[in-house]
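What you are looking at is a predicted structure, and each value in this text was computed from that prediction instead of being measured.
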Amino acid sequence: METIILSKEKVKPSKPTPPNLKNHKLCFLDQIQPPIRIKIVLFYENTTLAQNQNNLKNALSETLTLFYPLAGELKEGSTFVDCNDTGVVYVEAQAKTRLSHFLENPDLSQLKKLMINVESNDDKTQLVSLQVTRFD
């Protein structure tokens with residue numbers, strides 16, 4: 001299955017984080033936990049995609065205002081999240097296969113193509129990343 005990245009951007013909170021909430025202290029267990037990334041893949045049937053993607057970005061922006069630490073950065077060795085409104089990585093991609101074909105013949109090695117590859121140091125400090133992949 002071929003997957004093509006169409007765009008990559010950062011979605012920022014719809015409102016800035018207040019100055020008194022700029023540092024979110026991590027609890028002791030979060031401080032000693034090695035960094036891990038939990039990846040989740042969800043499948044939805046095709047609808048009017050262009051409108052849904054704009055709705056998804058707007059909803060994400062509004063949600064980041066309420067859950068402001070998710071739009072911040074976690075520096076290596078830090079004991080807090082820098083709630084600097086950096087935003088979250090949002091990737092749009094196109095898979096050159098039909099979803100029904102992919103689900104009928106699941107291949108775990110191909111599943112990785114549906115998840116964001118965190119390659120740059122900027123992306124590694126992000127707490128949340130989101131990839132939307134359209135199937136033919």
Side-chain angles (χ1 to χ4, degrees):
M1 171 180 67
E2 180 185 3
T3 305
I4 301 167
I5 302 296
L6 302 173
S7 68
K8 181 178 178 180
E9 62 183 285
K10 288 207 177 175
V11 176
K12 297 182 183 270
S14 59
K15 298 175 188 158
T17 301
N20 63 321
L21 299 175
K22 289 292 185 184
N23 292 327
H24 181 77
K25 184 158 177 53
L26 297 173
C27 72
F28 175 72
L29 292 176
D30 286 338
Q31 290 178 36
I32 63 171
Q33 171 85 17
I36 58 170
R37 291 202 176 263
I38 299 171
K39 297 186 178 197
I40 300 172
V41 178
L42 304 171
F43 297 101
Y44 297 95
E45 69 178 86
N46 191 13
T47 58
T48 53
L49 190 61
Q51 180 183 3
N52 285 344
Q53 285 181 322
N54 282 336
N55 288 344
L56 182 60
K57 285 185 209 178
N58 290 337
L60 179 59
S61 181
E62 292 293 326
T63 302
L64 291 174
T65 299
L66 299 172
F67 298 95
Y68 58 92
L70 297 179
E73 294 178 301
L74 182 60
K75 306 294 184 188
E76 189 174 331
S78 180
T79 61
F80 65 92
V81 176
D82 183 7
C83 303
N84 56 9
D85 298 332
T86 299
V88 301
V89 176
Y90 180 88
V91 176
E92 292 181 10
Q94 176 71 40
K96 296 296 183 181
T97 188
R98 296 182 55 82
L99 177 59
S100 58
H101 177 57
F102 179 78
L103 293 176
E104 288 170 3
N105 307 303
D107 181 358
L108 292 179
S109 66
Q110 297 296 315
L111 192 61
K112 290 181 181 180
K113 295 181 179 180
L114 301 177
M115 298 181 228
I116 293 176
N117 181 16
V118 179
E119 65 249 1
S120 72
N121 286 337
D122 292 339
D123 292 347
K124 289 180 183 177
T125 63
Q126 298 295 297
L127 298 175
V128 175
S129 301
L130 178 72
Q131 179 172 326
V132 175
T133 304
R134 291 179 278 176
F135 288 80
D136 287 342

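For H24, there are no side chain to side chain donor-acceptor pair (under 3.5 Å) partners, not counting sequence neighbours. For the side-chain contact (heavy atoms from CB on, under 4.5 Å) test, residues two or more places apart in sequence or in another chain that qualify with D107 are S109, Q110. By the side chain to side chain donor-acceptor pair (under 3.5 Å) test, T3 pairs with no residue at all, sequence neighbours left out.
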Verdict with reasoning, F135 to L114, per side chain to side chain contact (heavy atoms under 4.5 Å, CB included): CA-CA 10 Å; F135 288 80; L114 301 177; 3.8 Å; yes
Step by step, work out the side chain to side chain contact (heavy atoms under 4.5 Å, CB included) result for V91 and I5. CA-CA 7 Å; V91 176; I5 302 296; 3.7 Å; yes
Evaluation steps, side chain to side chain contact (heavy atoms under 4.5 Å, CB included), between F102 and L111: CA-CA 9 Å; F102 179 78; L111 192 61; 4.0 Å; yes
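With E9 contributing its side chain and Y90 its backbone, the two residues share no donor-acceptor pair below 3.5 Å. Distance alone, capped at 3.5 Å, places no donor-acceptor pair between the T133 side chain and the A95 backbone. Judged by distance alone, with hydrogens and angles left aside, the side-chain atoms of T63 form a donor-acceptor pair with the main-chain N or O of A59 at under 3.5 Å.
Q31 approaches L26 most closely through the heavy-atom pair NE2-O, 2.8 Å. Across every non-hydrogen atom of K15 and T65, the tightest pair is N-OG1, 3.2 Å. Shortest non-hydrogen contact noted between Y68 and T17 is CB-OG1, 3.5 Å. Scanning all heavy atoms of the two residues, the minimum distance from P69 to C83 falls at CA-SG, 3.8 Å.
Looking only at side-chain heavy atoms (C-beta outward), L64 and K12 stay at 4.5 Å or farther from each other. Inter-residue side-chain proximity for L130 and V88 is flagged as unmet; no heavy-atom pair is nearer than 4.5 Å. Side-chain contact check for D136 versus Q94: some heavy-atom pair is nearer than 4.5 Å. Using a 4.5 Å heavy-atom threshold, the side chains of N84 and E73 count as touching. By the 4.5 Å heavy-atom criterion applied to side chains, L56 and L60 are not counted as neighbours.
With side-chain heavy atoms closer than 4.5 Å counting as contact, directly or through intermediates, the hydrophobic cluster containing I32 also holds F28, L29.
A distance of 8.5 Å separates NZ in K39 from OG in S129, rounded to the nearest 0.5 Å.
Residues V81 and L21 are members of separate hydrophobic clusters, defined by side-chain heavy-atom contacts under 4.5 angstrom among Ile, Leu, Val, Met, Phe, Trp and Tyr. No continuous path of ILVMFWY side-chain contacts below 4.5 Å connects I4 to V132, so the two sit in separate hydrophobic clusters.
Listed by first and then second residue, the salt bridge (Lys or Arg N to Asp or Glu O under 4.0 Å) pairs involving residues 61-71 amount to none (not counting sequence neighbours). Sequence neighbours left out, the pairs with a member in residues 77-100 that pass salt bridge (Lys or Arg N to Asp or Glu O under 4.0 Å) are K22-D85, K57-E92.
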